[in-house]
Novice: 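Sharing a structure with you now.
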Amino acid sequence: MTVVTRFAPSPTGFLHIGSARTALFNYLFARHFGGQFLLRIEDTDRVRSTPEAIEAIISGLKWLGLDWDHDPIFQFERYKRHQEVALEMVAKGHAYYCYATPEELEEMRTLAGIEGRPLRYDGRWRHRSQDQAPEGVKPVIRLKAAETGETHLKDLVQGEITVSNTTLDDMVLLRSDGTPTYMLAVVVDDHDMGITHVIRGDDHLTNTFRQIQIYDGMGWERPQFAHIPLIHGPDGAKLSKRHGALGVEAYRDMGFLPEAMCNYLLRLGWSHGDDEIISEKQAIEWFNLDHVGRSPSRFDMAKLLNVNAHYLKEEENAKLLSLILPFLEKILGRDLFPFEKDRLLKGMAGLKVRSKTILELQEASYFYVAPLPFSRDEKAQSILTEAALILLKDLKTELETSEISWAETPLHENVQVFVEKKGLKLKDIAQPLRVALTGSLVSPGLFEVMEILGKEESLRRIENVVRED
RNA sequence: GUCUCCUUCGUCUAGAGGCCUAGGACACUGCCCUCUCACGGCAGCAACACGGGUUCAAAUCCCGUAGGAGACGCCA
């Protein structure tokens with residue numbers, strides 16, 4: 001049997017981090033078994049579904065590299081099929097028309113709440129005949145759920161779960177306007193699409209028992225279910241916007257790499273022994289549902305940052321350059337010259353080990369192309385004492401006249417000798433020199449920077465601070 | 001309220017009755033490296049929710065208790 005999984009988001013907002021993980025698990029599971037991963041947009045809520053949200057979901061998935069098979073299926077386009085199934089359920093005696101008004105239902109729930117009963121529909125139209133239908137009320141179609149016995153579910157993550165059928169309620173399958181509810185549409189679509197494994201958030205776990213009633217009523221084979229725990233915020237409560245329930249594009253904008261996001265999300269709730277850094281190839285090879293945990297996990301920005309920093313270090317320099325280019329060109333208000341790109345490319349190795357995100361990388365790299373004079377903060381400025389400036393001036397003269405080749409190691413040696421002759425240590429000139437070259441107290445290694453900037457530019461930068469007074 | 005699920009360091013987790021004096025990673029602390037900041041290396045801190053069983057032996061199995069989460073819509 002070929003494995004077929006699906007990701008079925010409702011386009012009512014961005015692709016948030018929990019959904020992204022669900023998509024990732026479905027993707028990996030399908031790829032692991034050489035099966036198919038399908039995308040279905042659940043847009044039956046006509047009021048809340050938007051084209052922008054559809055776009056956000058699709059671009060989010062693409063960014064993460066979770067490519068799906070075939071064209072996406074839009075659930076709303078299948079509403080006739082859903083109606084057909086609802087009617088068939090009525091014909092088979094597994095569903096019935098209900099004429100209760102929304103006000104009536106509201107009242108029913110309030111009363112149940114007061115009396116401490118479950119907040120469920122009481123089945124008042126279950127046994128009434130349609131001749132008693134009130135004038136002008138359009139009915140909904142409700143499931144005629146089993147009232148006795150138990151329903152068993154062997155969930156691939158949660159294990160065996162049994163629920164008494166007395167807790168099931170007669171949920172709405174078809175709304176009074178003829179549109180299907182989620183409960184009906186998922187089941188029909190999952191069945192028609194040949195989904196073999198439904199991997200979704202465990203907020204759907206209790207729904208599953210109700211959905212099983214539809215599979216059974218229609219005589220359809222049930223798929224395998226795997227309900228994965230939700231992601232919680234750092235405080236253990238449901239993930240909210242305050243702590244990370246952002247769209248994946250927000251993480252992209254914060255400077256995270258898609259590989260890092262996937263790796264982090266994968267390890268949240270799933271493990272493979274002590275492995276932490278897992279490539280996509282390896283993830284596909286290793287992933288299955290056996291090692292998905294059953295308890296909810298908390299979103300931890302610090303760990304995400306760490307994983308991102310790792311992938312940043314591994315990433316190719318040219319790729320990183322292409323990621324920071326738009327930022328630099330925007331600040332400078334012009335395209336970069338080839339020699340500037342060249343500098344950045346050479347400097348990338350030293351820059352990327354010092355950055356955790358692309359945003360940090362952008363800022364850290366700016367000095368390589370920034371125009372003189374640098375804007376310096378107070379601390380950097382305070383390093384440039386009179387004594388320091390004299391020292392820099394001497395150093396400049398020394399470097400100008402020296403015949404050494406302008407490369408990291410000889411520069412290091414040369415400057416070393418220079419300070420020692422003055423009875424000083426390298427650290428005595430290091431910070432002033434750094435401020436002159438980069439405008440900052442923090443940067444890649446001095447001599448690496450000097451080599452990359454070249455003799456002319458390095459001396460120009462030193463001259464620039466020396467001349468200020 | 002009713003039903004269902006969950007519970008190992010602060011966080012993510014390893015752990016399928018003896019390999020557990022409970023391992024790894026992040027975070028944190030200290031040291032080393034050192035021109036700054038990082039990186040890297042070394043070391044440290046730190047957990048089986050609680051109470052009963054079963055067993056020669058339990059983090060692992062069973063039962064309670066507590067705490068947490070989810071579901072209970074003509075939302076998905």
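Model, not experiment: these values are computed from the prediction. The chains referred to below are lettered A, B, ... by the order of the sequence lines, with proteins before strands, and numbering in each begins at 1.
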Novice: Contact class for A:L230 vs. all strands (heavy atom < 4.0 Å): base, sugar-phosphate, or nothing?
Specialist: sugar-phosphate
Novice: Can you measure A:L305 atom CG to B:A25 atom C1' for me and round it to whole angstrom units?
Specialist: 15 Å
Novice: Distance alone, cut at 3.5 Å: any donor-acceptor contact between the side chains of A:T166 and A:S164?
Specialist: yes
Novice: From C-beta outward on A:R142, which listed nucleotide comes closest to its side chain: B:C3, B:C74, B:C26?
Specialist: B:C74
Novice: What orientation do A:H227 and A:F225 show, parallel under 30°, tilted 30 to 60°, or perpendicular over 60°?
Specialist: parallel
Novice: Taking 4.0 Å as the cut-off, does a side-chain nitrogen or oxygen of A:T44 come that near to OP1 or OP2 on B:A76?
Specialist: yes
Novice: Quickly work out the A:H152 NE2 to B:U4 P distance and round it to whole Å.
Specialist: 13 Å
Novice: Is it the case that atom CD in A:E107 sees more than 12 heavy atoms from other parts of the structure closer than 6.0 Å?
Specialist: no
Novice: What is the distance, rounded to the nearest whole Å, between atom CG of A:L168 and atom P of B:U2?
Specialist: 18 Å
Novice: Please list all pairs meeting salt bridge (charged side-chain N to carboxylate O under 4.0 Å, His left out) that have one or both residues in residues 288-308 of chain A, counting only residues at least two apart or in different chains.
Specialist: A:E276-A:K303
Novice: Taking N or O atoms only and anything under 3.5 Å, show me the protein contacts with nucleotides 5-9 of chain B, one pair per line.
Specialist:
unit_1 : atom_1 : unit_2 : atom_2 : d
B:C5   : O2'    : A:Q158 : OE1    : 3.2
B:C6   : OP1    : A:R294 : NH1    : 2.5

Novice: What I'd like to find out is whether the side chain of A:T44 reaches to under 4.5 Å of the side chain of A:T179, using heavy atoms alone.
Specialist: no
Novice: Side chains of A:Q431 and A:R434: donor-acceptor distance under 3.5 Å anywhere?
Specialist: yes
Novice: Judged by modelled atom types alone, do A:Y264 and A:N308 share a side-chain donor-acceptor pair under 3.5 Å?
Specialist: no
Novice: With a non-hydrogen cut-off below 4.0 angstrom, is A:M183 in contact with a base, only sugar-phosphate, or nothing?
Specialist: base
Novice: Is there a donor N/O on one and an acceptor N/O on the other, under 3.5 Å, for the side chain of A:T181 and the base of B:C74?
Specialist: no
Novice: Does B:A27 have its OP1 or OP2 closer than 4.0 Å to a side-chain nitrogen or oxygen of A:N306?
Specialist: yes
Novice: Rounded to whole angstroms, how far apart are NE2 on A:H232 and C1' on B:G67?
Specialist: 14 Å
Novice: Nearest to the side chain of A:D203, which nucleotide is it out of B:C12, B:U36, B:G70?
Specialist: B:G70
Novice: Can you tell which of B:G24, B:A76, B:C74 lies closest to the side chain of A:H204?
Specialist: B:A76
Novice: Report the distance from atom OH of A:Y99 to atom P of B:C74, rounded to the nearest whole Å.
Specialist: 17 Å
Novice: Between B:C3 and A:R210, is there an OP1 or OP2 to side-chain N/O distance shorter than 4.0 Å?
Specialist: no
Novice: Would you say NZ of A:K346 has more than 12 non-hydrogen atoms from neighbouring residues, nucleotides or ligands within 6.0 angstrom?
Specialist: no
Novice: So do A:P9 and A:L39 actually touch side chain to side chain, heavy atoms under 4.5 Å?
Specialist: yes
Novice: Just checking, is any N or O donor in the side chain of A:N26 or A:H197 under 3.5 Å from an acceptor N or O on the other one?
Specialist: no
Novice: On RNA chain B, compare the nucleotides closest to A:D300 and A:K303; which residue's is nearer the 5' end?
Specialist: A:D300
Novice: Taking only side-chain N and O atoms of A:S297, does any of them lie within less than 4.0 angstrom of OP1 or OP2 on B:U13?
Specialist: yes
Novice: Base, sugar-phosphate, or nothing for A:N207, non-hydrogen atoms under 4.0 angstrom?
Specialist: base
Novice: At under 4.0 Å between heavy atoms, which parts of nucleotides 29-34 of chain B does protein reach? Answer with one letter per nucleotide, 5' to 3': B base, S sugar-phosphate only, - none.
Specialist: ------
Novice: How many Å lie between CD on A:E448 and C1' on B:U36, as a whole number?
Specialist: 13 Å
Novice: Checking all strands, does A:T206 fall into the base, sugar-phosphate, or nothing category for heavy-atom contacts under 4.0 angstrom?
Specialist: base
Novice: Ring-plane angle category for A:W270 and A:F287, please: parallel below 30°, perpendicular beyond 60°, tilted otherwise.
Specialist: tilted
Novice: Give the rounded distance in Å between these two atoms: CG of A:L184 and P of B:G73.
Specialist: 17 Å
Novice: When all nucleic acid strands are considered with a 4.0 Å heavy-atom cut-off, which category describes A:A100: base, sugar-phosphate, or nothing?
Specialist: base
Novice: Tabulate atom names and distances for all N/O pairs under 3.5 angstrom spanning the protein and nucleotides 14-22 of chain B.
Specialist:
unit_1 : atom_1 : unit_2 : atom_2 : d
B:A14  : OP1    : A:S271 : OG     : 2.7

Novice: Treating primed atoms plus P, OP1 and OP2 as sugar-phosphate and everything else as base, which nucleotides of nucleotides 37-43 of chain B get B, S or - for protein heavy atoms under 4.0 Å?
Specialist: BBS----
Novice: When you compare B:A46 with B:A38, how far apart are their P atoms, in angstrom units rounded to a whole number?
Specialist: 26 Å
Novice: Using the test side-chain contact (heavy atoms from CB on, under 4.5 Å), find all partners of A:A8 that sit at least two apart in sequence or belong to another chain.
Specialist: A:R6, A:R40, A:E42
Novice: Taking the minimum atom-to-atom distance to the side chain of A:R175, which one of B:C12, B:C72, B:C74 wins?
Specialist: B:C74
Novice: Please report the distance separating the C1' of B:C39 from the corresponding atom of B:A57, rounded so that it comes out in whole Å.
Specialist: 47 Å
